[in-house]
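These notes are about the structure you will find just below.
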2 protein chains.
Amino acid sequence: MARQDKSTAALSKGEQTRAGIVDCAKRLFYEHGYDGTSFTDIVEASGLYRGNIYHYFKTKDDILQAVIDQHLAEFGALLEMWEQQHKEPKARLLAFLNMITGRKLELVQYGCPIGSLNTELGKDRRDLQEAARALFDLFRDWLAARFTELGHGDDAESLALHLLGRAQGIAVIAHVYHDQKLLKRETAQLQSWIEAQ
Amino acid sequence: MARQDKSTAALSKGEQTRAGIVDCAKRLFYEHGYDGTSFTDIVEASGLYRGNIYHYFKTKDDILQAVIDQHLAEFGALLEMWEQQHKEPKARLLAFLNMITGRKLELVQYGCPIGSLNTELGKDRRDLQEAARALFDLFRDWLAARFTELGHGDDAESLALHLLGRAQGIAVIAHVYHDQKLLKRETAQLQSWIEAQ
DNA sequence: ACAATAATAGGACGATTATCCAATCCGGTA
DNA sequence: TACCGGATTGGATAATCGTCCTATTATTGT
């Protein structure tokens, strides 16, 4: 039988293993940081043997890139879904806020996956941070498009970055103090801000 | 001669060395992160020999605690200075903002020293993050006192945390995008917010 | 000047790190 | 059935990590 179409086919054994590695790495990088996650950690979490992982990824950096790509795909799908679920620009922006409150448990425990990753990589690994920055770009552009829909022109991107920054700040403080109430209170303020735009 | 009063005396040789270690570690932890800084890095930056540093600090965690203490002392002195320089609560709050804009170069390059440290330690090292959280407490309490001066009651602490979070968010985004203009623009907005309180 | 203490010098430790490699296995194709 | 390439196994690598010793040399208070 000829090889099935990649987009619809069930994943082959190797593709499953590869996806499993990326899933485990994504979780570990989030919970323990990139540097705080060792190759051994990923191998053990994936239930593999040491050498096997090198069949799929040559370096740890390659795994990070795959994790970033997976994040991009998942968040991209989210954004697309919000656009289909809500037609009003403000409703779409509120969906962004709902994601934050909906993930308050993880946010309070581990911080923002995107923000903490960029903060860590921005210290020493400029090359990797540039790749991770794409995650911010994704949200920035999507949010800016919503502000454009609301009639904003040149300041749409500034508003998007303002909103992103507010969200990041909330995540940092909520994480530092493990405070869900603060997260709820601050996102409620942000909701008022959105409705006023 | 009796030992000089510690607070006024010139530092002894050992105290100088110790202070030098803390200074180097403070800079390295900021620029490369806690995990990204090795014992060897600190030793080399301090111009010491491997074993010698253990005469001053038993573990790397001890060094971190000393770095946090130094941060606390320095920022505490800053806060005290602002209280002496400005008598109006809002002027004191604006001094906080001036610190941010005054340090824009480092902030854009390495992020907020307090925020990034807490974010990193919050991932895996809860015990250490609790110590680092004291830096946030310092600012939170000081800012809350200023809002109390402005006539706010129960919400003084919430306002302080809001301001802290806004500042953190600005630092994160400005760092991710290496964007000084964004930092200026956002702090200007924060200035308007302060003046409206 | 002397005894006690502090500081320096330099090597060594086991554990862990990312990375790599050869040998074996297995499933689909010829 | 024989075969071939991807997948698995399991160990080995050199480098680096934080930590710890033991001498030897300065500095200190008396």
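Just so it is clear, the values below take in all heavy atoms, side chains as well, and ignore hydrogens, waters and symmetry mates. Below, chains carry the letters A, B, ... as their sequence lines are ordered, and counting in each starts from 1.
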Is there a side-chain polar atom (N or O) of [X] under 4.0 Å from OP1 or OP2 of [N]?
X: A/Y49; N: D/dG10; value: yes
X: A/T17; N: D/dA7; value: no
X: A/Y56; N: D/dG6; value: no

- Message: Tell me whether the rings of B/F75 and B/H71 are parallel (<30°), tilted (30 to 60°) or perpendicular (>60°).
- Response: parallel
Using 4.0 Å as the upper bound for N to carboxylate O, is an ion pair formed by [Y] and [X]?
X: B/E74; Y: B/K26; value: yes
X: B/D61; Y: B/R125; value: yes
X: B/R92; Y: B/E149; value: yes

In whole Å, I'd like the distance from the [atom1] atom of [X] to the [atom2] atom of [N].
X: B/D62; N: D/dC20; atom1: CG; atom2: C1'; answer: 14 Å
X: A/N52; N: C/dT24; atom1: CG; atom2: P; answer: 17 Å
X: B/L48; N: C/dA6; atom1: CG; atom2: P; answer: 18 Å
X: B/H55; N: D/dT27; atom1: NE2; atom2: P; answer: 14 Å

- Query: For the rings on A/Y49 and A/Y54, is their centre-to-centre separation under 6.0 Å?
  - Reply: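 Distance test on ring centres: not under 6.0 Å, no.
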- Query: Got a sec? Which of residues 117-129 of chain A come in under 4.0 Å of DNA chain D, heavy atoms?
  - Reply: none
- Query: When you measure from the centre of the six-membered ring of B/W142, is the NZ or CZ of B/R146 under 6.0 Å away and within 45° of the axis?
  - Reply: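 B/R146 over B/W142 ring: yes.
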- Task: Please confirm whether A/K60 makes a cation-pi placement over A/Y34, using NZ or CZ under 6.0 Å from the six-membered ring centre and within 45° of the ring normal.
- Result: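 Judged by the rule (NZ or CZ under 6.0 Å from the ring centre, within 45° of its axis), A/K60 counts as positioned above A/Y34.
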- Message: Suppose we screen for salt bridge (Lys or Arg N to Asp or Glu O under 4.0 Å). Which residues come up paired with A/R27, at least two apart in sequence or across chains?
- Response: A/E31
Each nucleotide N or O in nucleotides 15-19 of chain D that has a protein N or O under 3.5 Å away: list the pair and distance.
from: D/dG18; atom 1: OP1; to: B/F39; atom 2: N; distance (Å): 3.4
from: D/dG18; atom 1: OP1; to: B/K60; atom 2: NZ; distance (Å): 3.0
from: D/dG18; atom 1: OP2; to: B/F39; atom 2: N; distance (Å): 2.7
from: D/dT19; atom 1: OP2; to: B/Y54; atom 2: OH; distance (Å): 3.4
from: D/dT19; atom 1: OP2; to: B/K60; atom 2: N; distance (Å): 2.8
from: D/dT19; atom 1: O5'; to: B/Y54; atom 2: OH; distance (Å): 3.2
from: D/dT19; atom 1: O4; to: B/R50; atom 2: NE; distance (Å): 3.1
from: D/dT19; atom 1: O4; to: B/R50; atom 2: NH2; distance (Å): 2.7

